[in-house]
Amino acid sequence: MATDYATAHIAVEELSETEAWSIFDAEARREFNMSGVEFEEQVRAGKFDDADDPRVARLAMLYPRAW
């Protein structure tokens, strides 16, 4: 059965910066056992520059501010 994408409706809810930061922080703690602030600091310091870890990319995509 064909889908009529012209009539498809997708609800989008924008997160506040506080909500986005809370999600980012929780994932940093879960994946790397560090706060979101610590993860940000280590990324900026170059700790993950050579990392071939998909967890780094996933977490970077959750970062609530522009890098």
Side-chain angles (χ1 to χ4, degrees):
M1 177 179 199
T3 302
D4 183 2
Y5 293 105
T7 60
H9 298 282
I10 299 171
V12 176
E13 183 178 335
E14 188 172 336
L15 298 175
S16 69
E17 184 171 339
T18 301
E19 292 168 320
W21 188 263
S22 178
I23 292 168
F24 174 74
D25 185 67
E27 286 301 303
R29 291 176 189 279
R30 186 176 72 80
E31 291 289 355
F32 295 101
N33 199 31
M34 66 177 72
S35 72
V37 170
E38 291 170 309
F39 180 80
E40 177 185 18
E41 289 170 351
Q42 291 193 19
V43 166
R44 292 186 185 278
K47 178 180 180 190
F48 297 108
D49 284 353
D50 295 329
D52 197 19
D53 186 341
R55 298 176 307 156
V56 174
R58 277 196 307 271
L59 193 53
M61 287 187 282
L62 290 175
Y63 186 62
R65 300 180 197 130
W67 287 103

Tell me every residue that passes side chain to side chain contact (heavy atoms under 4.5 Å, CB included) with S16, counting only those two or more places apart in sequence or in another chain. T18, E19
Are F48 and L59 close enough that some pair of their side-chain heavy atoms sits under 4.5 Å apart? no
Kindly write out the residues that satisfy side-chain hydrogen bond (donor to acceptor under 3.5 Å, both in side chains) with Q42, not counting sequence neighbours, or none if the list is empty. K47
Distance in Å, L15 CG paired with I23 CD1, rounded so as to fall on 0.5 Å steps: 5.0 Å
Set of residues satisfying salt bridge (charged side-chain N to carboxylate O under 4.0 Å, His left out) with respect to E14, sequence neighbours excluded: none
Just wondering, are more than 12 heavy atoms of other shown residues or ligands nearer than 6.0 Å to CG in D49? yes
For E38, all residues meeting side chain to side chain contact (heavy atoms under 4.5 Å, CB included), sequence neighbours excluded: M34, S35
For E17, side-chain hydrogen bond (donor to acceptor under 3.5 Å, both in side chains) partners two or more places apart: R65
Atom of G36, atom of W21 and distance for their closest heavy-atom approach: C-CZ2, 4.0 Å
Mind checking salt bridge (charged side-chain N to carboxylate O under 4.0 Å, His left out) for R29 and listing every partner two or more places apart, or none if nothing turns up? D25
Just verifying a value: how many Å separate Y63 OH and F39 CZ, rounded to the nearest 0.5 Å? 10.0 Å
Not counting sequence neighbours, which residues clear side-chain hydrogen bond (donor to acceptor under 3.5 Å, both in side chains) with R55? List them please. D53
Salt bridge (charged side-chain N to carboxylate O under 4.0 Å, His left out) evaluation trace for E27 with R30: CA-CA 5 Å; E27 286 301 303; R30 186 176 72 80; 2.7 Å; yes
